[in-house]
S.K.: 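Mind looking over this structure? Questions follow.
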Amino acid sequence: MSTGPAGVAATAPGAGIPSATQATQATQATQATPGASAASAEPASASPHDPCAHGFLPERPPVRSMIGTWTRLDAMARAAAVAPDREAAIALVERARRAEELSALRQRVSRLSLRNAEAAALRIAVIAVSCGWGGLDPQAPAAREVADEAFLDLWAAIAHRIDHDQFVALPTLALHNWVPERKPRRHIPIDQLARTEVLVPIVRWAPEGQPLSRLDRLMLAATRLEAHGIWLFRLAETLAGRSPDDSSTPTALRRLVRVQHALRAQLLAEAAELTAAPATPQQRAVLGALAEQGALEPPVLQAAEAVLGIGGRRMGEGRRQLLRRHLPAQHRAWLSAMDRHCAPVRTLAHRGGPDAAVYREAQESLIALRRTYTALVQAAARPTTAPLTAAA
């Protein structure tokens with residue numbers, strides 16, 4: 001087994017990620033976060049979101065199959081995902097509208113639990129991007145000139161139910177679209193479940209019985225990236241409010257470098273299977289539309305940038321907020337808090353000495369991680385025979 005520059009194993013997905021004990025020590029090196037291990041079954045009534053518990057993954061595994069009238073939305077999403085083109089996907093929606101299925105679902109939105117509303121949001125997101133409507137505001141009058149009105153009404157109602165307008169993006173399409181291939185024997189934390197179990201998509205972008213597509217594999221890779229990135233969230237909490245002169249700051253930054261190197265190694269290990277997977281023009285159109293809307297930003301990378309400040313300088317504050325609009329309000333609030341609380345640590349960028357060198361190494365490792373993720377997206381979007389290399 002080979003190891004990376006920080007002594008982190010880099011041969012398999014998740015290799016070299018620190019153990020739970022190490023992660024706990026990293027957090028306890030400064031301040032513990034109350035309730036870090038709490039997980040609420042119904043987030044609507046929970047205490048403020050704590051990313052130390054499970055990152056930005058859902059509180060519980062996503063809903064595999066919807067029931068009752070909502071099975072129709074489930075079937076529509078699965079059919080739209082494998083539609084040969086946008087016109088075929090739009091025809092599915094129009095048939096559902098003529099059969100008054102969309103209006104029937106709209107009337108039942110208020111009865112959904114939050115967890116099932118999030119499951120419905122995933123299905124809506126799949127249908128919207130398959131039809132080429134991902135960039136629309138379902139409540140805007142102009143949207144009704146482009147998309148099916150009954151579908152827009154259902155979309156808007158689901159957005160209101162989950163209090164999240166801009167959910168047609170990677171965080172929803174990836175983090176709510178997976179289940180373990182086999183049922184775990186016991187309850188384990190959601191991030192550990194997503195790290196240790198073989199994951200399969202709930203709504204496949206490839207027909208049943210055929211290999212997973214590149215888009216399927218990209219979304220699952222994003223989910224695993226989030227699950228393995230839990231230690232990055234815990235280190236962010238460790239660095240929040242720390243003085244740059246605090247002796248614990250360089251220690252936490254070094255651990256952050258190791259985590260980012262391990263996440264990059266994980267993405268590189270995912271690349272071979274992704275590039276060998278099949279892809280269709282429709283799937284590439286979906287991916288291209290999401291990229292054009294800035295809707296492919298992994299939450300864990302946004303968390304790292306909130307700590308290290310790279311995003312704010314690279315794209316400007318306005319652009320950074322546009323990327324964050326695809327996250328739920330509680331997640332955006334946490335990132336904004338990290339922007340503020342990690343500001344003292346970011347002053348190391350203007351200093352000299354060994355601590356400043358560690359900070360710059362952390363920035364460089366994040367840049368390398370982002371480039372590797374971008375290369376993975378490009379491999380999914382454009383068929384290529386060239387494998388993604390460590391130099392990407």
S.K.: Hey, is Glu297 close enough to Arg370 for a salt bridge, meaning N to O under 4.0 Å?
M.R.: yes
S.K.: Could you state the interatomic distance from CG (Leu253) to CZ (Arg360), rounded to the nearest 0.5 Å?
M.R.: 11.5 Å
S.K.: How would you list, by chain and number, every residue that makes a side-chain hydrogen bond (donor to acceptor under 3.5 Å, both in side chains) with Arg78, sequence neighbours excluded?
M.R.: Asp74
S.K.: Run the salt bridge (charged side-chain N to carboxylate O under 4.0 Å, His left out) test against Asp355 and tell me which residues pass, sequence neighbours left out.
M.R.: none
S.K.: Ala276: which residues meet the side chain to side chain contact (heavy atoms under 4.5 Å, CB included) condition with it, sequence neighbours left out?
M.R.: none
S.K.: To the nearest 0.5 Å, how far apart are CZ in Arg123 and NE2 in His176?
M.R.: 11.0 Å
S.K.: Scan for ring pair (Phe, Tyr, Trp, His ring centres under 6.0 Å) pairs involving residues 103-128, sequence neighbours excluded, and state none if there are none.
M.R.: none
S.K.: Sequence neighbours excluded, which residues qualify as side chain to side chain contact (heavy atoms under 4.5 Å, CB included) partners of Gln283?
M.R.: Trp205, Ser213, Leu215, Ala279, Thr280
S.K.: Will you find, in the side chains of His54 and Glu59, an N or O donor that is under 3.5 Å from an N or O acceptor?
M.R.: yes
S.K.: So His160 and Trp155, do their side chains get closer than 4.5 Å, heavy atoms only?
M.R.: no
S.K.: Hydrophobic clustering (ILVMFWY, side-chain heavy atoms < 4.5 Å, transitive) - are Val179 and Leu170 grouped together?
M.R.: yes
S.K.: Compile the donor-acceptor pairs under 3.5 Å between side chains in residues 64-72 and protein atoms, sequence neighbours left out, one pair per line.
M.R.:
{"from": "Arg64", "atom 1": "NH2", "to": "Pro180", "atom 2": "O", "distance (Å)": "3.4"}
{"from": "Thr69", "atom 1": "OG1", "to": "Arg108", "atom 2": "NE", "distance (Å)": "3.4"}
{"from": "Thr71", "atom 1": "OG1", "to": "Gly68", "atom 2": "O", "distance (Å)": "2.9"}
{"from": "Arg72", "atom 1": "NE", "to": "Glu101", "atom 2": "OE1", "distance (Å)": "2.6"}
{"from": "Arg72", "atom 1": "NE", "to": "Glu101", "atom 2": "OE2", "distance (Å)": "3.3"}

S.K.: Will you find, in the side chains of Trp334 and Glu237, an N or O donor that is under 3.5 Å from an N or O acceptor?
M.R.: yes
S.K.: Decide side chain to side chain contact (heavy atoms under 4.5 Å, CB included) for Ile124 and Phe167; before the verdict, give the C-alpha distance in whole Å, the side-chain angles of both, and the deciding distance to 0.1 Å.
M.R.: CA-CA 9 Å; Ile124 292 291; Phe167 65 81; 3.9 Å; yes
S.K.: Do Leu199 and Glu181 touch side chain to side chain, with heavy atoms closer than 4.5 Å?
M.R.: no
S.K.: Once rounded to the nearest 0.5 Å, what's the spacing between atom CZ of Arg325 and atom CD of Gln293?
M.R.: 7.5 Å
S.K.: Provide the full list of side-chain hydrogen bond (donor to acceptor under 3.5 Å, both in side chains) pairs with a residue in residues 129-144, sequence neighbours left out, each pair given once.
M.R.: Arg144-Glu149, Arg144-Asp153
S.K.: If every non-hydrogen atom of Gly55 is compared with every non-hydrogen atom of Ile230, which pair is closest and at what distance?
M.R.: N-CD1, 3.1 Å
S.K.: With Ser365, which residues qualify under side-chain hydrogen bond (donor to acceptor under 3.5 Å, both in side chains), at least two apart?
M.R.: Gln260
S.K.: Evaluate the criterion side chain to side chain contact (heavy atoms under 4.5 Å, CB included) for residue pair Arg182 and Val198; output intermediate values, then yes/no.
M.R.: CA-CA 8 Å; Arg182 62 180 181 85; Val198 175; over 6 Å; no
S.K.: Just how far is it from atom OG1 of Thr275 to atom CD of Gln378, taken to the nearest 0.5 Å?
M.R.: 13.5 Å
S.K.: For a side chain to side chain contact (heavy atoms under 4.5 Å, CB included) check, start with the C-alpha distance between Thr374 and Arg371, then their side-chain angles and the critical distance, and finish with the verdict.
M.R.: CA-CA 5 Å; Thr374 300; Arg371 287 175 176 167; 5.5 Å; no
S.K.: Between Arg106 and Phe151 (side chain of the first, backbone of the second, donor and acceptor by atom type, cut-off under 3.5 Å), is there such a pair?
M.R.: no
S.K.: Taking all atoms of both residues into account, what is the closest heavy-atom pair of Leu366 and Ala304, and its distance?
M.R.: CD1-CB, 3.7 Å
S.K.: Would you tabulate the side-chain donor-acceptor contacts of residues 81-100 under 3.5 Å, counting partners in other chains and residues two or more places apart, or write 'none'?
M.R.:
{"from": "Asp85", "atom 1": "OD1", "to": "Glu87", "atom 2": "N", "distance (Å)": "3.3"}
{"from": "Asp85", "atom 1": "OD1", "to": "Ala88", "atom 2": "N", "distance (Å)": "2.8"}
{"from": "Arg97", "atom 1": "NE", "to": "Asp148", "atom 2": "OD2", "distance (Å)": "2.9"}

S.K.: Between the side chain of His331 and the main-chain N/O of His326, is any donor-acceptor distance below 3.5 Å?
M.R.: no
S.K.: Between Thr238 and Arg234 (side chain of the first, backbone of the second, donor and acceptor by atom type, cut-off under 3.5 Å), is there such a pair?
M.R.: yes
S.K.: Is any side-chain heavy atom of Leu102 closer than 4.5 Å to a side-chain heavy atom of Met76?
M.R.: yes
S.K.: Linking I/L/V/M/F/W/Y whenever any side-chain heavy atoms sit under 4.5 Å apart, do Ile202 and Val63 land together?
M.R.: no
S.K.: For the side chain to side chain contact (heavy atoms under 4.5 Å, CB included) test, which of Pro58, Pro62, Pro298 pairs with Leu175?
M.R.: Pro58
S.K.: State the CG-CG distance between Leu152 and Leu136, to the nearest 0.5 angstrom.
M.R.: 6.5 Å
S.K.: If you apply the rule side chain to side chain contact (heavy atoms under 4.5 Å, CB included), what do you find for Val345 with Leu308, and how did you get there?
M.R.: CA-CA 8 Å; Val345 172; Leu308 299 173; 6.0 Å; no
S.K.: Who passes side-chain hydrogen bond (donor to acceptor under 3.5 Å, both in side chains) against Asn177, sequence neighbours left out?
M.R.: none
S.K.: If we only count heavy atoms from C-beta on, is the Val300 to Phe56 side-chain gap below 4.5 Å?
M.R.: no
S.K.: State which residues pass side-chain hydrogen bond (donor to acceptor under 3.5 Å, both in side chains) with Glu273; sequence neighbours excluded, sorted by chain then number.
M.R.: Arg217
S.K.: Scan for salt bridge (Lys or Arg N to Asp or Glu O under 4.0 Å) pairs involving residues 162-171, sequence neighbours excluded, and state none if there are none.
M.R.: none
S.K.: Return the minimal non-hydrogen interatomic distance between Leu235 and Ala252, and the atom names on each side.
M.R.: CD2-O, 4.0 Å
S.K.: Is it true that the side chains of Asp246 and Thr249 contain a donor and an acceptor less than 3.5 Å apart?
M.R.: no
S.K.: Which residue, Arg264, Arg214, Arg224, forms the salt bridge (Lys or Arg N to Asp or Glu O under 4.0 Å) with Glu270?
M.R.: Arg224
S.K.: Can you measure from CG (Leu323) to CZ (Arg332) and round to the nearest 0.5 angstrom?
M.R.: 12.5 Å
S.K.: I need the minimum non-hydrogen distance between Ala120 and Ile158, along with the two atoms involved.
M.R.: CB-CD1, 3.7 Å
S.K.: Would you name the heavy atoms of Leu218 and Ala380 that are closest together and state the gap between them?
M.R.: CD2-CB, 4.2 Å
S.K.: If you look at every heavy atom in Ala117 and Leu112, which pair is closest and at what distance?
M.R.: CA-CD1, 3.9 Å
